[in-house]
Amino acid sequence: MTPEFYKKEECRLCGSRALELVIELAPTPPGNHFVSADKVGFPQARYPLEVYFCVDCHHVQLGHVVDPQILYQKNYSYVSGTSPIFVAHLKEYASEMLSRFPIPKDGLVLDIGSNDGTALSLFKAAGYKVLGIDPAIEIVRSANENGIQTLSEFFDLEVARKYSPEFGKAALTSWLTVSSMRLPEWITGRTVSSTPVLR
Ligand SMILES: [Zn+2]
């Protein structure tokens, strides 16, 4: 059986082991893991929540890696389109990206951690091809039903190799709420990152 979490001893960015504990919060259930009425009052799984600072590259990150299926696939309830503030931010983001980067009209916009496809819908409305990748099965289903093609996967190099022959290379790749603080490894490549989330 795979452990539900493990301690990450090396920095996610540079591999250094010179990590200093800077914030130690109480063990906490995963964000947005709300329980149904019949489970209120029962103990809920909690995971360490400690923030470390890498002395060598200054990257700030969580000290533990929780099984991504627990964080993002089972009971994942955060839906981007339900927050008017976040939708407004995404509109600004899409407009700024389109003005800063010359994306060819047949270019593909790829969003990693695309959730319900709110961000991609803005690029689609502007006439671009779009593709989302997100592990939250139910949310991906609704994105596809709403016309935003989305793959239900955890993004990694293997997934990129698997789908690139079918979809080609992306002209713009975004990961709007993917945090380098708690991923097991950092993903390299040219990307646009905005609003990293500490959860
Ligand atoms: Zn480092």
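Keep in mind that this is a model prediction, so the values were computed, not measured. Both ligands and their constituent atoms are indexed starting at 1 by order of listing. In what follows, every heavy atom counts, from backbone to side chain, and hydrogens, waters and symmetry copies are set aside.
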_Taking every non-hydrogen atom, the tightest pair across D134 and G113_ = OD2-C, 3.1 Å

*If you take all heavy atoms of N115 and S80, which pair is closest and at what distance?*
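Reported closest heavy-atom pair: OD1-N, 2.8 Å.
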
_Is H59 close enough to the Zn ion (ligand 1) that one of its N, O or S atoms comes in under 2.8 Å?_
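Checking the Zn ion (ligand 1) against H59, no N, O or S atom falls under 2.8 Å.
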
*Closer than 2.8 Å to the Zn ion (ligand 1), do we get an N, O or S atom from H58, backbone or side chain?*
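No, H58 does not qualify, because none of its backbone or side-chain N, O or S atoms lies under 2.8 Å.
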
*Parallel, tilted or perpendicular: ring planes of F86 versus H89, cut at 30 and 60 degrees*: parallel

_Check the orientation of F123 and Y128. Use parallel for under 30°, tilted for 30 to 60°, and perpendicular for over 60°._
perpendicular

_I need the SG(C54)-the Zn ion (ligand 1)-SG(C11) angle, rounded to 10 degrees._
110°

